[in-house]
Amino acid sequence: MNASPSPSVPPAGSAGPDVLRTLLERPIPAVMGVLNVTPDSFSDGGEFIAPELALARARAMIEAGVDIIDIGAESTRPYTGARPVTAADELARLKPVLSGVVALGVPVSIDSMKAEVVAFALDQGAAIANDVWGLQRDTGMAQLIAARGVPVIVMHNREAVDSAIDIVTDMKAFFLRSLDIAAKAGIARDKIVLDPGIGFGKTAEQSMTALARLREFDMFGLPILVGASRKRFIASVSPSEPKERLAGSIAAHLIAAQRGAKIIRTHDVAETLQALRVANAIESKQ
């Protein structure tokens, strides 16, 4: 798992040691584009599982102005229906496409909760780890991240929805546990990004509450990533299928940006980037 990268592939973090700092210095949030090489993701399952289609999708996102490409080979779809896969399954899906995506020159993050998969991706040149269980699922994840010195996205998650809880209080407690794990492993604090995990282990109301109260996470002094793209809470307000939720996604992401989000994760790069740029231009005229 911790083997050194071979000379034929770029080293971990090939986008540069300060990739996260560079992205966070932008006047508008960085845009992370979703690339699912899975058969069952909630919005685009199966569309990009073929390597040539995945590479075409990555090129299209780069042309649209994406800042980070987030590639995942296991559906972690919120709510129900995701089928857990083994590390071998994830690696089989990643191997035909990951090095090609990295070679396109945009920072790549690896969306996986398995340290073995993350290690492989970093060896191939991925620059960021994106753990949907916030370092709390795979006991080897924090040690791996610390050893490689790469940025990590720590997402809030829950095993089950509980509509009776104060979701923001629950999220704060979760992040405190994750940050304690990170500190004990030796992960530098300036390498950590927090993600409220919109839709994950939350009712639609709780997802909207998390967005509305996003400023409360300023207490951690860390950048926030928000991925509300095509999530089901949008349909609770305006009934729609995932691919019909562009307007709702942009609305949520603009609110997140207003409340301090530094990275926006989206399926719709061009439209999201346009919205962020226009909103920033208008705000700058005050």
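- Side-chain contact between T169 and K172: absent, with no pair of heavy atoms (C-beta onward) separated by less than 4.5 Å.
- The closest side-chain donor-acceptor pair between H267 and K243, if any, does not fall under 3.5 angstrom.
- Among all heavy-atom pairs drawn from A119 and L144, the shortest one is N-CD2, 3.6 Å.
- A side-chain donor-acceptor contact under 3.5 Å links S112 and E90.
- Residues L211 and R259 fail the side-chain proximity criterion, which asks for heavy atoms closer than 4.5 Å.
- Residues W133 and D138 are not in side-chain contact: their nearest non-hydrogen atoms beyond the backbone lie 4.5 Å or more apart.
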Exercise. Dump the intermediate steps for side chain to side chain contact (heavy atoms under 4.5 Å, CB included) on V132 and D111, then the final yes or no.
Key: CA-CA 7 Å; V132 299; D111 181 355; 3.6 Å; yes
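- Inspection of the S178 and Q136 side chains reveals an N or O donor paired with an N or O acceptor under 3.5 Å.
- Counting only N and O atoms by type, the side chains of S109 and D70 include a donor and acceptor under 3.5 Å apart.
- Between L222 and L179 there is a side-chain heavy-atom pair separated by less than 4.5 Å.
- Minimum heavy-atom separation, G100 to L55: C-CD2, 3.4 Å.
- Put simply, the side chain of S284 gets close to the backbone of A281: a donor and an acceptor are under 3.5 Å apart.
- Proximity of E74 to K114: side-chain heavy atoms (C-beta onward) are separated by under 4.5 Å at one or more points.
- Panel note: side chain K231, backbone I198; a donor-acceptor pair is recorded below 3.5 Å.
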